[in-house]
Amino acid sequence: MSAPAPELNTLSLAEAGELLAARGASSRELVAAALARIGATDGRIGAFLRTTPERARAAAEAADERAAKGARLSPLDGVPIALKDIFLTKGVETTCASRILEGFVPPYDATVVERLERAGAVVVGKLNMDEFAMGSSNENSAFGPCHNPYDLARTPGGSSGGSAAAVAARQVHGTLGTDTGGSIRLPAAFCGVVGLKPTYGRVSRYGVIAFASSLDQVGPLGRTVRDTALLLQAIAGHDPRDLTSSTRPVDDYLAGLEGGARGLRIGVPREWLSGGLAPGVERAVREALATYERLGATLVDVSLPHSRYGIAAYYLIAPAEASSNLARYDGVRFGLRAGEGGGLKEMYAETRERGFGAEPKRRIMLGTYALSAGYYDAYYLRAQKVRTLVRRDFDEAFRACDVVAGPVAPSVAFRLGEKTADPLQMYLADVFTITANLAALPGLSVPCGLERESGMPVGLQLVGRPFDEATLVRAARALEREAGPLPAPEV
Amino acid sequence: MPVSDFQVVLGLEVHAQLLTRSKIFCACSTAFGAAPNTQVCPVCLGLPGALPALNAEVVELAVRAGLALGCEIRAKSVFARKNYFYPDLPKGYQISQYELPICVGGGVEIPVDGATRTIRLTRIHMEEDAGKNVHDVTAAGSGVDLNRAGVPLLEIVSEPDLRSTDEAIAYLKTLRAILMALGVNDGNLQEGSFRCDANVSVMPKGAVELGTRCELKNMNSFRFLRQAIDYEVRRQVELIEAGGKVVQETRLFDPDRGETRSMRSKEEAHDYRYFPEPDLPPVRVDDALVQRVRRALPELPRARSARYQRELGLSPYDAELLVADKAISEFFDATLAAYGSTPEAAKRAANWLNGDLARLANELAQEPAAWRITPAQLAEILRLQDAQTIGGPGAKQVIEEVFRTGAAPAEVVRAKGLAQVSDEGAIEAAVDRVIAASATEVERYRGGNKKLLGFFVGQVMKEMRGKGNPAVVNALLKRKLGE
């Protein structure tokens, strides 16, 4: 019995692009395969909030016409992808997994959506997430949780849970997520895929529903490091509509991708491997570090003494900004409006009471408190000072190393419902990822094996110098090449 | 104690709309009066995902105002969010500046009893305007018009240096003239592009500690401002006299009743929860920008007034009136450029501008920008007088007609038959008729009552329907009556 030809949906994004370029398959076939896979599996996974088959088919047709003329726009041209439901898509409902935006159809596209579509990528749907990107398990979605393709009883991580699960379950070839405190890297680690949070300012936030403006950053998730590099290449760069986006030229992320780890100085923060890690996670991370040494990299002991204040600072800054960013959901101009019978205050109160879930409400209250007269200096201002110190720790570390490596999360994917009763436990899932957001640095999660006890994926986190995503993907690719692909989940 | 035993202390916060074509954080038009919600986009609507992009012209105009008012221009200033809920505030926060405004210090010199006094400025900052709630427009209830949301404003805050309503008015008029001269603001109070809140307190004369202040809002004319402050001062004095205490609060002026009434108390005041706007990097103003703006500063009203007095011999009164409105002083300059710049011409042009033209503009409620009469036409009218084609009364009629219709002065003179008669024969006939008809007066004049000459001139002019050349009329009358 000969081996069956690989299903189209199992191809990596790069492979799918190459097949399209070689005219070995059409974009329409890839889109059909993706939609079929979604149809067959998503009832169990819950990665998608909605699919957009008609638009996808039309886009695929256009891509096929370009391919026929030898005029493909980019390596992504014709490849099915999907977007976290935090990105505004013109004419396609965008909810941020919140009741308050149910039925909201944006009149414009986010800059990253424009850029992906300009590169020819075909958007097949919008992905599940924690409401307003607040959460670490995707359980805060107003439209039901998402499940981990490796174990449906477990969380895919959050907040970009759908983005990671869709890639892991081979539903699409790549996705975009956002990362405010670990929301790309954590689900990537939990679902055994690659997730990259770029430097703050590397990718435009225009048209991305804001959670915490000074921390939010858009990034790709893919089956392979190369896939994330391809996606980042398409979306990175200055946007005049986002003044916090950098005018720095964008590096070529693919040029040095296969450059290997030889000579690389890898900083290992002693605070990150000093207890508190699940044994299986620690083992996988240490093995990955050993692999790097074998590949010719040098491990360097570094210290990030202020990273232990990261969570505390983060849970003042992020809710403070969120409390202001979420003020626009007031029932006046778009989205849900409730309590119309009463006066203005009733309308506000009823709309927000019914529209927001428990976690956004909790953070709005936390943030409002932190910014209140008399508390601002003690909370918000002090948290900003911690942020400066966290960044200084990294600056110091990067004098001795090129990347910092450590775990993404203290454990593998936990079970659905395991931490929902205790928000503080849930917040601790982000203990290792939050510092990169506070310091505005690029961070990446790359699979480094399965935990023996559970069979669940473990991610290695790499944090780089500002705007040095090129070194991050090169280092991640070296490990990926050595370790080989994770076994696919059976869904 | 009567009111006169109290010292009034006033500080003003002026909101001046900047004369940019587009809004502060998006490319939407700032034009006034468009149909509701037609000048909006995702940014000024506060749609999810939209981000502000700062209009560089706003910074330049803020720097211009700051330099003209002697402020320190901060090399780095920071936008902040002012958080509160209101339907006309799309994002649930206003982007303003708080701890680090673009300009600090500075002052405005105002005329007080023939001298000048400097009213210190605390700060100037940039911010976006809110929209407008519109009531009773639809059957469904109130609506919101967001055309104005995101229109750029400068907030100019004075120290509590003003000591009377007159000083407050003088401060506002001076500031308004400066901003208009700078091309920063159009000075329009009715449309709300120049608005003012007043902080009012009173204290016994000689006291050192300031009294509790109230903030007054909603005065959209100088007259209302005066009414509001005067009312508020009386209210506070009467309250204190009656043994009461002024409570810090915001009070709304009601123009229909000429009163202020409580809007919200200090306890009800918003906690705006200011924090630095994370969507905008700090605003950097480098030396090059400051120097460029400084070099391009136009002549300011005070300098212009001094020049009019020094070089053209205008009275302080005339000069101040001309410079109070940039458009008027430009009209004046252009008239002299077209006619010839002599003290005599300046006096005549100033008289027309501050007299008949000001009256007509007021009657027809026309801003100088909308005038039909041009400086060239005013110059022509002056020349028509020089040529004795028309006299004073004729010129007055020509001015009015040209102001209303924009017609050419010479054409008006012809069409209305206003040309002055200098022909001795025609005037002599009229003089003879008047002398023949006024035997008694002639008797008295010849008897020594020379004041009656005016009477005869008037009669002759009446006879000639105002068109007689006064010099010729005078000469002929004197000659004939002297016979």
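A quick note: this is a predicted structure, and the numbers were derived from the prediction, not measured. Note on naming: letters A, B, ... go to the chains in the order of the sequence lines (proteins, then strands), and numbering restarts at 1 for each one.
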Chemist: I need the minimum non-hydrogen distance between Gly46(B) and Arg333(A), along with the two atoms involved.
Modeler: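 Heavy atoms of Gly46(B) and Arg333(A) come nearest at O-NH1, 3.6 Å.
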
Chemist: Tell me, side chain or backbone of Asp279(B) under 4.5 Å from chain A's heavy atoms, or both, or neither?
Modeler: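 Asp279(B) touches chain A through backbone and side-chain heavy atoms alike.
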
Chemist: Looking at every non-hydrogen atom in both residues, tell me the closest pair between Tyr329(A) and Pro48(B) and how far apart they are.
Modeler: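 Looking at all heavy atoms of both residues, the closest pair is OH-CB, 3.6 Å.
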
Chemist: For chain B, find which of Ser324(A), Ala210(A), Gly335(A) contributes the most heavy-atom pairs closer than 4.5 angstrom.
Modeler: Ser324(A)

Chemist: Starting at OG1 of Thr94(A), measure out to CG of Leu47(B) and round the result to the nearest 0.5 Å.
Modeler: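 With rounding to 0.5 Å, OG1 (Thr94(A)) is 11.5 Å from CG (Leu47(B)).
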
Chemist: Contact part of Tyr375(A) toward chain B, heavy-atom cut-off under 4.5 Å: side chain, backbone, both or neither?
Modeler: neither

Chemist: Would you say NZ of Lys361(A) has more than 12 non-hydrogen atoms from neighbouring residues, nucleotides or ligands within 6.0 angstrom?
Modeler: yes

Chemist: For chain B, which candidate among Arg241(A), Glu340(A), Lys345(A), Arg205(A) shows the most heavy-atom pairs at distances under 4.5 Å?
Modeler: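 Max contact count across the listed options: Arg205(A).
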
Chemist: Using heavy-atom distances under 4.5 Å, tell me whether Leu243(A) contacts chain B through its side chain, its backbone, both, or neither.
Modeler: both

Chemist: Could you check which of Gly207(A), Ala110(A), Ser214(A) has the highest count of heavy-atom pairs closer than 4.5 Å to chain B?
Modeler: Gly207(A)

Chemist: Testing the basics here: between Ala327(A) and Gly92(B), what is the closest heavy-atom pair and its distance to 0.1 Å?
Modeler: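 Taking every non-hydrogen atom into account, CB-CA, 3.8 Å.
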
Chemist: Side chain, backbone, both or neither: which part of Leu326(A) has an atom under 4.5 Å from a heavy atom of chain B?
Modeler: neither

Chemist: Which pair of heavy atoms, one from Ala53(B) and one from Pro240(A), lies closest together, and at what distance?
Modeler: CB-O, 3.8 Å

Chemist: Could you grab the distance from atom CG of Asp330(A) to atom CG of Leu89(B), nearest 0.5 Å is fine?
Modeler: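 That separation rounds to 9.0 Å.
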
Chemist: Using a 4.5 angstrom heavy-atom cutoff, name the option from Thr244(A), Thr368(A), Asp242(A) with the most pairs to chain B.
Modeler: Thr368(A)

Chemist: Specify which of Leu146(B), Val144(B), Asn83(B) makes the most heavy-atom pairs with chain A at under 4.5 Å.
Modeler: Asn83(B)

Chemist: So which of Cys41(B), Pro276(B), Gly49(B), Pro52(B) has the largest heavy-atom pair count under 4.5 angstrom toward chain A?
Modeler: Gly49(B)

Chemist: Is the OH atom of Tyr86(B) crowded by more than 12 outside heavy atoms at less than 6.0 Å?
Modeler: no

Chemist: Side chain, backbone, both or neither: which part of Val332(A) has a non-hydrogen atom closer than 4.5 Å to chain B?
Modeler: side chain

Chemist: Do the non-hydrogen side-chain atoms of Glu321(A) and Phe275(B) ever get within less than 4.5 Å of each other?
Modeler: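 Side chain of Glu321(A) against side chain of Phe275(B), heavy atoms only: contact under 4.5 Å found.
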
Chemist: Is it true that Arg328(A) and Tyr93(B) share a donor-acceptor pair across their side chains at a distance under 3.5 Å?
Modeler: yes

Chemist: Just by modelled atom types, is the Ser372(A) backbone N or O under 3.5 Å from a matching donor or acceptor in the Asp271(B) side chain?
Modeler: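 Answer holds: no.
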
Chemist: Pick one of side chain, backbone, both or neither for Phe132(A), based on which atoms fall under 4.5 Å of a heavy atom in chain B.
Modeler: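 For Phe132(A), neither part sits under 4.5 Å from chain B.
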
Chemist: Heavy-atom count check: over 12 atoms from other residues, nucleotides or ligands less than 6.0 Å from Tyr98(B) OH?
Modeler: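 Open: at most 12 neighbouring heavy atoms sit under 6.0 Å from OH of Tyr98(B).
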
Chemist: Taking only residues two or more places apart in sequence or in another chain, which ones pass ring-ring contact (aromatic ring centres under 6.0 Å, His included) with Phe87(A)?
Modeler: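 Once residues adjacent in sequence are excluded, Phe87(A) has no partner under the ring-ring contact (aromatic ring centres under 6.0 Å, His included) criterion.
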
Chemist: Need one label for Tyr206(A): side chain, backbone, both or neither, based on atoms under 4.5 Å from any heavy atom in chain B.
Modeler: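 Both the backbone and the side chain of Tyr206(A) come within 4.5 Å of chain B.
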
Chemist: Heavy-atom count check: over 12 atoms from other residues, nucleotides or ligands less than 6.0 Å from Arg148(B) CZ?
Modeler: yes

Chemist: Could you check whether atom CZ of Arg50(A) has more than 12 heavy atoms from other residues, nucleotides or ligands sitting under 6.0 Å from it?
Modeler: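 Count over threshold, so yes.
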
Chemist: Any side-chain heavy atom of Met347(A) within less than 4.5 Å of one from Pro87(B)?
Modeler: no

Chemist: Please check: side-chain N/O of Tyr376(A) versus main-chain N/O of Tyr274(B), any donor-acceptor pairing under 3.5 Å?
Modeler: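 Side chain of Tyr376(A) to backbone of Tyr274(B), a donor-acceptor pair under 3.5 Å: no, none is there.
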
Chemist: Using non-hydrogen atoms and a limit below 4.5 Å, what part of residues 20-40 of chain B faces chain A?
Modeler: none

Chemist: Quick one: what part of Leu215(A) sits under 4.5 Å from any heavy atom of chain B, side chain, backbone, both or neither?
Modeler: neither

